[in-house]
Protein chains: 2
Amino acid sequence: MDGTAQKIEREDAGRAAARRRQVLTVASELFATKGFEATSIRDIATAAGMMSGSLYYHFASKEDLYIAVQDASISKIFNAVEGAIPGIADPWERLEAAAIAHVEAMLDRSGFRVLVTPLFPPGLDRKVRDALVAQRDRFERMIDTVIAELPLPKSLDRRIFRQHYLGALNWIPVWCDPDGPVAPADIVRQFMATLRR
Amino acid sequence: MDGTAQKIEREDAGRAAARRRQVLTVASELFATKGFEATSIRDIATAAGMMSGSLYYHFASKEDLYIAVQDASISKIFNAVEGAIPGIADPWERLEAAAIAHVEAMLDRSGFRVLVTPLFPPGLDRKVRDALVAQRDRFERMIDTVIAELPLPKSLDRRIFRQHYLGALNWIPVWCDPDGPVAPADIVRQFMATLRR
DNA sequence: TAACCTATCTAACGAGCGTTAGAAAATGCA
DNA sequence: TGCATTTTCTAACGCTCGTTAGATAGGTTA
């Protein structure tokens with residue numbers, strides 16, 4: 001039994017792992033559009049083509065599933081941004097590349113959908129909540145290393161600048177139709193032009 | 001009966017009206033911290049010091065109550081901003097005054113608490129949803145009149161600039177502790193300094 | 001084929017939800 | 001005081017929720 005379990009975990013390509021990813025994906029879509037509480041286990045199971053009881057073979061609880069989605073969301077953005085900045089020398093262009101990757105990851109509707117929800121469900125286990133916060137902090141620290149290189153006025157608080165930057169970006173999914181006339185990347189470029197001068 | 005009803009409606013100071021405002025206030029607090037679905041009618045009633053059934057004397061349904069809170073939220077911000085800009089000539093200073101009023105209204109925790117939630121519950125009645133959207137549009141049009149006066153580069157799309165501005169502001173309640181060391185007004189002033197040059 | 005693990009389904013549980021009808025209490029007016 | 005109106009409470013309704021135990025089908029290995 002050990003051999004099989006380890007094999008599946010290592011390759012992450014077993015039937016169970018694929019099903020788990022599928023559930024994660026449809027759950028991300030539902031959580032993103034309807035919110036955590038308004039999405040029922042039965043909703044998710046139906047969208048995944050199974051009965052609600054079967055979900056519990058893959059996830060221990062609804063909260064467990066939500067945490068996995070939240071975790072994957074931050075990871076998706078983190079990886080997109082991390083992959084976008086190497087090889088770029090100019091600090092402002094580094095930040096612009098990071099911002100475009102960030103926004104495109106948020107608006108990407110093929111496959112797993114990122115949860116932007118800033119409000120964690122208010123009954124989350126302390127330890128789990130701390131883990132999510134730590135993951136988000138890790139992302140913000142990466143952004144900070146990019147912002148640190150920017151030639152900004154001394155009087156400007158870079159923590160506030162980071163929140164300004166993140167606020168403008170994270171608000172985009174609220175108003176921007178990813179299939180609309182203006183490409184998300186162009187929106188980001190105007191943001192950067194405004195922040196830059 | 002007509003006389004009494006009209007009187008109450010006109011003065012808006014009857015016992016019923018006061019109770020209605022009280023329910024609205026505690027509901028705004030709960031909706032803001034826990035979200036719509038996670039807040040039960042019994043939660044709200046308990047916080048208002050009554051039984052859950054009594055709530056239905058003042059509001060026809062939970063959705064009805066939510067709409068009233070959402071409506072009052074936009075009104076509170078609208079009135080705060082509307083009251084902050086007259087008498088200021090310089091366009092940038094007008095926008096800064098609007099932004100400070102906007103943020104202070106969002107962070108104000110005495111009495112009614114503003115709902116910033118961008119996501120309307122996804123089963124809202126069409127007509128009601130349209131009414132809320134229209135009210136929000138009215139606010140955005142007011143902001144647009146201020147933004148229109150700004151001496152911005154021709155290449156800059158003012159609709160995108162408005163969303164940049166609103167995104168940065170609306171994100172503040174996510175990360176800013178209103179009782180923290182940095183005054184919200186100072187945060188806004190740095191935002192404006194960044195947007196300005 | 002037989003035994004075993006994997007994955008899913010069935011069917012129900014207790015709890016909490018929004019909501020309601022009608023009784024009861026508080027209030028204002030004659 | 002007595003009456004009518006306004007406001008609140010009581011007690012339940014039907015429904016959906018997250019979750020679980022046990023039966024069942026499919027796949028793999030011996």
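Remark: the Arg138(B) side chain and the Gln135(B) side chain contain no N/O donor-acceptor pair separated by less than 3.5 Å.
Between the C1' atom of dT7(D) and the CZ atom of Arg19(B) lies a distance of 9 Å, rounded to the nearest Å. In this structure, CZ of Arg21(A) is placed 13 Å from P of dA7(C), rounded to the nearest angstrom. One atom, NZ of Lys62(B), and another, C1' of dT16(D), lie 13 Å apart when rounded to the nearest Å. Summarising the geometry, the separation between CG on Leu30(A) and P on dC17(D) is reported as 12 Å, rounded to the nearest angstrom. Atom CG of Leu55(A) and atom P of dT10(C) are 15 Å apart (whole Å). Look at CZ on Arg20(A): it is 15 Å from C1' on dA7(C), rounded to the nearest Å. Rounded to an integer number of Å, the gap from NE2 of His58(B) to C1' of dC9(D) is 12 Å. At whole-Å resolution of the value, CD1 in Ile44(B) and P in dT8(D) are 15 Å apart.
Proximity of Tyr57(B) to the phosphate of dT7(D): a side-chain N or O atom is located under 4.0 Å from OP1 or OP2. Side-chain N/O atoms of Tyr56(A) include one lying less than 4.0 angstrom from OP1 or OP2 on dT19(D). The side chain of Ser54(B) places an N or O atom within less than 4.0 Å of a non-bridging phosphate oxygen (OP1 or OP2) of dC9(D).
Electrostatic pairing of Asp130(B) and Lys127(B) does not count as a salt bridge here, judged by no charged N lying under 4.0 Å from a carboxylate O. We find that Asp179(A) and Arg109(A) are not joined by a salt bridge, their nearest charged nitrogen and carboxylate oxygen being 4.0 Å or further apart.
In the interface, the side chain of Arg42(B) is not paired with the base of dG16(C) through any donor and acceptor atom under 3.5 Å apart.
With a 4.5 Å cut-off on side-chain heavy atoms, Ile44(A) and Phe59(A) do not count as touching.
Residue-level contact check: Met51(A) touches the bases, meaning some heavy atom is under 4.0 Å from a base atom.
A tilted orientation is assigned to the rings of Phe36(B) and Phe31(B), their planes being inclined by 30° to 60°.
Mapping Asp43(A) and Gly53(A) onto DNA chain D via the closest heavy atom, the residue that lands nearer the 5' end is Asp43(A).
Picking from dG18(D), dT19(C), dC9(C) the nucleotide with the shortest atom distance to the side chain of Ser61(B) gives dT19(C).
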